[in-house]
Amino acid sequence: MEVSRSSLAAGHQSVILDIAGWLEQGQRAWLCTIVETWGSSPRPVGSWLAIGESGQWSGSVSGGCLEEDLLRRTVGSGPDQPVLIDYGITDDDRDQFQLPCGGRIRLLVEPLYREAGFDHVRALAEALSNREPVARRVPLRGAPTLEYRRSHDRSSVAFDGEQLVHALQPECRLLLIGAGEVARYVSGFAAAANFSVTLCEPREAFADGWGYPHIPLDRRLPDDLVAEGFNDAFSGVLALAHDPRIDDMGLLAALQSNAFYVGAMGSRKTSKARRERLSSLGLEDAVLDRLRAPIGVDIPSKTPAEIAISVVADLILARHHLRAAPPSL
C-alpha cells in the first residue's frame with residue numbers, strides 16, 4: 001500500500017507516514033504521546049513525537065526541551081513495552097528541561113516493530129488517508145488496536161493509567177479559490193498550522209502566471225472540486241478570487257456541503273451583494289448564515305499578509321470547534 005503525503009500536509013497523518021516508512025525499512029520506532037499535563041504545557045494532550053531507530057524524528061511534544069532526552073532514551077536502547085515517562089516532577093526536572101512554571105507532562109512511549117506493529121500503523125495511515133475518523137486503543141500490556149468511528153471527533157485523549165484511547169480525525173484540508181497574494185500567504189500560514197492546501201484557479205491567465213509550484217494548483221472549476229473532495233466535515237472552502245464568476249460557483253457548492261468552514265473575501269458591501277446573489281439562486285437564510293464574509297478575524301487587516309493572518313486565525317478557531325467529548329475508555 002502506498003499512502004502519499006501532500007507537500008502542504010502535517011500533523012498526526014504526517015507522523016504516522018514517517019513511522020510507516022521507518023518500519024518498511026526494517027527499523028524499530030517509538031511513538032511518544034502526551035497523555036496528561038498539569039499546569040502550563042508547551043504542547044497539548046495527544047501531541048506526538050515519533051523516533052526511528054536510526055535517530056530520525058517526526059512531530060513534537062515540547063518546544064524542544066524534551067525531544068533531546070527522549071531521543072537519548074530510545075535510539076539504540078528504547079523500551080520493548082509501553083512505558084510512562086513523567087517530566088516536571090522535581091525542581092531539577094523543571095530546571096533541566098525548561099518546562100513552563102509549575103508544568104508537568106506525562107508521556108506514553110510505545111515501541112513499534114515491523115513484525116508486530118506494521119499492520120496497525122499501515123491500517124492507521126490508510127484510514128487517515130481515506131478521511132475516516134478512528135481511535136487507537138493502546139494498553140500498557142498488550143498490542144494496540146484500531147477502532148473505526150462514525151462520529152467526527154477531533155483528536156482527543158482518554159487515559160486511565162492502564163490504557164490510552166486516542167481519537168484521531170483526518171487532517172483538515174482547504175480549497176482556496178483564486179490565485180493571488182492573499183492565497184499565497186494563506187497557503188503558507190495554513191500549512192504551518194497543519195492544514196493541507198489546494199489552490200483552485202480555472203482562469204487561464206492567473207493559472208499560467210502562478211509562480212509558486214510548491215502550492216498544488218488545480219485548474220478545474222471550483223464546484224467540481226468541492227463535490228469531488230472538499231465536502232466533508234474536515235474540509236474548508238475559501239473564496240479569494242474577487243471574481244463572482246468562480247467565487248459564487250464554489251460557494252454555492254460548499255454551502256450545501258458538510259464543509260466545516262466556508263468563507264469569502266471582500267468588504268461588507270461586497271459581502272452583502274454576494275449574499276443577495278446566492279439567495280437569488282435558491283439558498284435559504286439558514287444555509288447562507290454559514291458563510292463567513294467578510295472572511296477572517298477583524299484585526300482589522302489591510303495587506304495581503306495581514307488578511308491571511310486573520311483568515312488562518314479564524315480557521316484555527318473553527319477547527320477547534322470540531323472537538324467533541326473525550327473518547328470513552
Side-chain angles (χ1 to χ4, degrees), residues 6-9 172-193 195-231 234-257 259-278 281 283 287-288 290-316 318-319:
S6 164
S7 60
L8 292 178
C172 288
R173 59 186 178 190
L174 305 176
L175 181 66
L176 311 185
I177 301 172
E181 283 294 277
V182 172
R184 176 169 75 93
Y185 282 109
V186 168
S187 296
F189 296 150
F195 291 93
S196 174
V197 182
T198 297
L199 176 65
C200 167
E201 183 48 87
R203 298 170 299 180
E204 185 174 349
F206 286 93
D208 289 344
W210 183 247
Y212 307 97
H214 65 287
I215 301 172
L217 186 147
D218 198 307
R219 293 172 180 255
R220 287 175 291 174
L221 294 173
D223 54 337
D224 291 336
L225 289 176
V226 170
E228 180 177 315
F230 294 88
N231 54 26
F234 311 111
S235 297
V237 179
L238 285 66
L240 307 176
H242 257 316
D243 185 341
R245 294 175 302 168
I246 62 170
D247 279 344
D248 290 3
M249 191 183 304
L251 292 172
L252 187 64
L255 287 169
Q256 299 177 90
S257 76
F260 80 97
Y261 190 101
V262 183
M265 185 171 65
S267 66
R268 295 189 184 280
K269 180 179 179 181
T270 299
S271 298
K272 181 180 178 181
R274 179 187 295 111
R275 184 182 177 103
E276 291 172 352
R277 287 197 308 272
L278 293 173
L281 295 174
L283 291 188
V287 176
L288 285 168
R290 297 184 58 217
L291 178 62
R292 297 169 186 256
I295 198 172
V297 176
D298 188 5
I299 300 178
S301 50
K302 296 295 183 184
T303 69
E306 290 174 346
I307 294 169
I309 289 170
S310 76
V311 169
V312 175
D314 201 33
L315 281 165
I316 291 170
R319 182 172 62 182

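- With a 4.5 Å cut-off on side-chain heavy atoms, Y261 and R290 do not count as touching.
- E228 meets the salt bridge (charged side-chain N to carboxylate O under 4.0 Å, His left out) test with R220; sequence neighbours excluded.
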What donor-acceptor contacts under 3.5 angstrom involve side-chain atoms of residues 176-186, with partners at least two apart or in another chain?
| residue | atom | partner | partner atom | Å |
| --- | --- | --- | --- | --- |
| E181 | OE1 | R184 | NH2 | 3.0 |
| E181 | OE2 | R184 | NE | 3.1 |
| R184 | NE | Y212 | OH | 3.0 |

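- Between D247 and M265 there is no side-chain heavy-atom pair separated by less than 4.5 Å.
- A distance of 5.5 Å separates CD1 of I295 from CG of L240, quoted to the nearest 0.5 Å.
- In this structure, CG in L199 is found 9.0 Å from CG in D218, a value given to the nearest 0.5 Å.
- Scored by the salt bridge (charged side-chain N to carboxylate O under 4.0 Å, His left out) test, D248 finds R277 as partners (sequence neighbours excluded).
- Counting heavy atoms from C-beta outward, T198 and L174 have side chains that stay 4.5 Å or more apart.
- A donor-acceptor pair under 3.5 Å is absent between the side-chain atoms of D223 and the main chain of G250, judged by distance alone.
- Between the side chain of R173 and the backbone N or O of G229, at least one donor-acceptor pair lies under 3.5 Å.
- With sequence neighbours excluded, the residues that form a side-chain contact (heavy atoms from CB on, under 4.5 Å) with P202 are C200, L221, P222, I246.
- Within the structure, every pair that satisfies the side chain to side chain donor-acceptor pair (under 3.5 Å) test and touches residues 291-304, not counting sequence neighbours, is listed here: R292-D314.
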(request) Step by step, work out the side-chain contact (heavy atoms from CB on, under 4.5 Å) result for L278 and L291. (result) CA-CA 11 Å; L278 293 173; L291 178 62; 4.2 Å; yes
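- Checked against salt bridge (charged side-chain N to carboxylate O under 4.0 Å, His left out), R203 has the following partners two or more places apart in sequence or in another chain: E201, D243.
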